[in-house]
2 protein chains.
Amino acid sequence: MSSGKTAAPTMDDIATEAGVSQMTVSRVMRGAGKTSDDVRVRVEKAARKLGYVQNKLASALREETTSLVAVVLPTLKNRVFSEVLNGLNETLISKRILPVFGVSEYSLQREEEIVRELLAWRPRGIVLPGLEHTDATRAAIRASGVRVAEVMDIDGTPMSAAFGISQEAAGRATARYMLEKGYRRFGYIGSQGGRDLRAVKRFSGFCAVVREAGAQMVLNRVITGPSSMVEGRRAMAEVLARSDAPEALYFSNDDLAAGGIMHCLSNGIDIPGQVALAGFNGLSFLEALPIRLTTIETPRLEMGRRAALSVTSSATAQDGSQEPVVADLGFRLVPGDSC
Amino acid sequence: MSSGKTAAPTMDDIATEAGVSQMTVSRVMRGAGKTSDDVRVRVEKAARKLGYVQNKLASALREETTSLVAVVLPTLKNRVFSEVLNGLNETLISKRILPVFGVSEYSLQREEEIVRELLAWRPRGIVLPGLEHTDATRAAIRASGVRVAEVMDIDGTPMSAAFGISQEAAGRATARYMLEKGYRRFGYIGSQGGRDLRAVKRFSGFCAVVREAGAQMVLNRVITGPSSMVEGRRAMAEVLARSDAPEALYFSNDDLAAGGIMHCLSNGIDIPGQVALAGFNGLSFLEALPIRLTTIETPRLEMGRRAALSVTSSATAQDGSQEPVVADLGFRLVPGDSC
DNA sequence: CTGTTAGCGCCTTCAT
DNA sequence: ATGAAGGCGCTAACAG
């Protein structure tokens, strides 16, 4: 039984089959140059017959540019990044560009290794989370000459273009809202052991406003692992068990905060009477909860889309020593019933 | 100002800089063959100085194998697939393999296009969701000779290796459990307009058991879009507003079911007194809810891990015309308070 | 231990 | 409208 498990067919194979030169096959495949109808039909038929699939390794090597975009995500355990990835993918695929990706697990060191790995594929562009990177990461990207976009955050100086929101301002806006509602004794519940630098910025914005107002932060509880409703519920239980529990809690994101709400629902604790809560992200599932969480809505899909366009469009001048572009995509404080 | 924005340095550049031949650079970089300490040090220094990054397009073309694995996901809007992706990525990155991916949006036609696009990169393997694919998809994969793994489902014949659970059996197990609890009039709430073939299999298993028991399905509500808590809550409200509402509802997944729970919590509807619910997936956030949902726990990370190993390890014989491998990773019905 | 030669599959350039 | 030559950057195979 002569299995067809030989090497994949090349343009040469098709050329032979169709009785033309390999170059003509190349032209037909790309729809480039002029080809007679007769030849085109024969080539297409031969290609279909042999099950030809272009070898992008070869074409990319020759053309010195790929249809790949590198994407680094801090984690896959948080749906926020799935949403950014979704925005990226949507836009990329419409241009027939594929995403290659890596996960940094919120470690800049890990990010550096992953960036190196990704750059080896000579992607057309690279998308990074946040504005903080090691010098080596920046150097490698600069040296490679690929286009860069940084997403999520705009508090800092982008390498080239940033698409996000001011995390610090989001923290401040939340604090102002809670202060207006009359709360004075605040607590914070965070995750990722402080490695999530965007969360740290929100926290510091929040604290600054609280301090300026003469109110106080009486508690700071940051769990080690990733955020989740379960961890949020657990942390809430611990915090409320203390004799000096704060009157209002700022959670580093909606998942943790929703867990806090669940603890209260299960234990007959009145929100916001006994304790007030606020989150961050504006995830859509909040709309399904019995108590609406006050949160900050962020344009995550849009961050992905804009970043994809940025690293992909030829129009913009990322080439020269242009000024970095900072696109503030804006957030919106969504008042709920939780504070 | 002579900007360094020239082409990325090649091994030739390093060779010149270090005063050796390009081949020696290649050897040092790969740690292959014997090289004197002196030469190695010089080459490494030169490489660092010039910011050298390997060009995998060239090495892969030459070696006729890449360190890329192609991954197709039905959607990024459901965290179940982020988890599978996480398992895949974890395992791949430990072997310095990068995932390239595409999203099919639950369309087999779309999947076919994406597979073609992915195969052009000559990945070492490809991971597909489910066992249903177009003939053209199967043919393209077979012709390319890449290793395949199919995840999530084992009800059918895999191309080569499947890592999942019996979706049909999961549906049947849920029905048996609910029947044991005494419910007789059932309803179903699904999503993705029936394009999620795994959900369809669960539903048909569920229905079969209900029918065999002489009980009945009195309602079948499948929404068009993706599943979400919000949609689940909305559907629950609609269903309970009917005069002929069922006593027990089977949801195609936990997100929808959790939305149903939220509707009941908000409206003082007793679970399971007035209505019973069951879900599917066993997402961890269920543990945070005030009412525990009866659901089926599935090993999603493990599916990703096993699939990654399968397409990646040289040991297994995917090459020949071996029998397909079916790995039933098993599910577990987790009894809750909801039925 | 190090260098030379050849070629992976494709596309650019230059003929015809 | 089609073909021939050459090379993208790398590594296998063979010399020395």
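Bear in mind that the values here come from a model prediction, so they are computed numbers and not experimental data. A, B, ... follow the sequence lines: proteins, then strands. Residue 1 opens every chain.
- The CG atom of A:L50 sits 15 Å away from the C1' atom of C:dG9 (whole-angstrom rounding).
- A side-chain N or O of A:R40 and one of A:T35 form a donor-acceptor pair less than 3.5 Å apart.
- At whole-Å resolution of the value, CD in B:E64 and P in D:dT11 are 14 Å apart.
- Counting to the nearest Å, the C1' atom of C:dC10 and the CD atom of A:Q54 are 8 Å from each other.
- Nucleotide C:dC10 holds its C1' atom 10 Å from the CG atom of A:D12, rounded to whole Å.
- Here C:dC1 presents its P atom at 15 Å from CZ of B:R42, a figure rounded to the nearest Å.
- In this structure, A:R30 reaches the C:dT12 phosphate: one of its side-chain N or O atoms is under 4.0 Å from OP1 or OP2.
- The CD-P distance, from B:E63 to C:dA6, rounds to 21 Å in whole Å.
- With no hydrogens or angles considered, no side-chain donor-acceptor pair links B:E112 and B:H133 at under 3.5 Å.
- Nucleic acid contact for B:R27: base, since at least one base atom lies under 4.0 Å from a heavy atom of the residue.
- Here A:Y52 reaches the OP1 or OP2 of C:dC10: one of its side-chain N or O atoms lies under 4.0 Å away.
- Checking the phosphate oxygens (OP1, OP2) of C:dC11, a side-chain nitrogen or oxygen of A:S26 falls inside 4.0 Å.
- To the nearest angstrom, C1' of C:dG9 lies 14 Å from NZ of A:K56.
- Looking at heavy-atom distances under 4.0 Å, A:Q22 makes contact with a base.
- For A:M23, whose side chain is taken as the heavy atoms from C-beta onward, the closest listed nucleotide among C:dT13, C:dG3, D:dC10 is C:dT13.
- When atom types are taken as modelled, the side chain of B:R195 and the backbone of B:Q192 share a donor-acceptor pair closer than 3.5 angstrom.
- Place B:T35 and A:A60 on DNA chain C by their nearest nucleotides, and B:T35 ends up nearer the 5' end.
- Side chains of B:T91 and B:S94: a donor-acceptor N/O pair is absent below 3.5 angstrom, by distance only.
- Heavy atoms of B:M11 sit under 4.0 angstrom from primed sugar atoms or phosphate atoms, though from no base atom.
- OP1 or OP2 of C:dC10 has not a single side-chain nitrogen or oxygen of A:S59 nearer than 4.0 Å.
- For the pair A:T24 and D:dA1, the criterion of a side-chain N or O lying under 4.0 Å from OP1 or OP2 is not met.
- With distances taken from any side-chain atom of B:S21 to the nucleotides D:dA1, D:dC10, C:dT4, the minimum falls on C:dT4.
- Atom CH2 in B:W121 sits about 16 Å away from atom P in C:dG9, given to the nearest Å.
- For the residue pair B:T24 and B:S21, a side-chain donor N or O sits within less than 3.5 Å of a side-chain acceptor on the partner.
- A:M152 has its side chain within reach of A:F81: a pair of non-hydrogen atoms, C-beta onward, lies under 4.5 Å apart.
- Residues B:K34 and A:A58 both approach DNA chain C. Their nearest nucleotides, taken by heavy-atom distance, put B:K34 toward the 5′ side.
- In terms of polar N and O atoms assigned as donor or acceptor, the side chain of A:R122 never comes within less than 3.5 Å of the base of D:dG9 in a complementary pairing.
- Contact annotation: side chain of A:R62 to base of C:dC11, donor-acceptor pair present below 3.5 Å.
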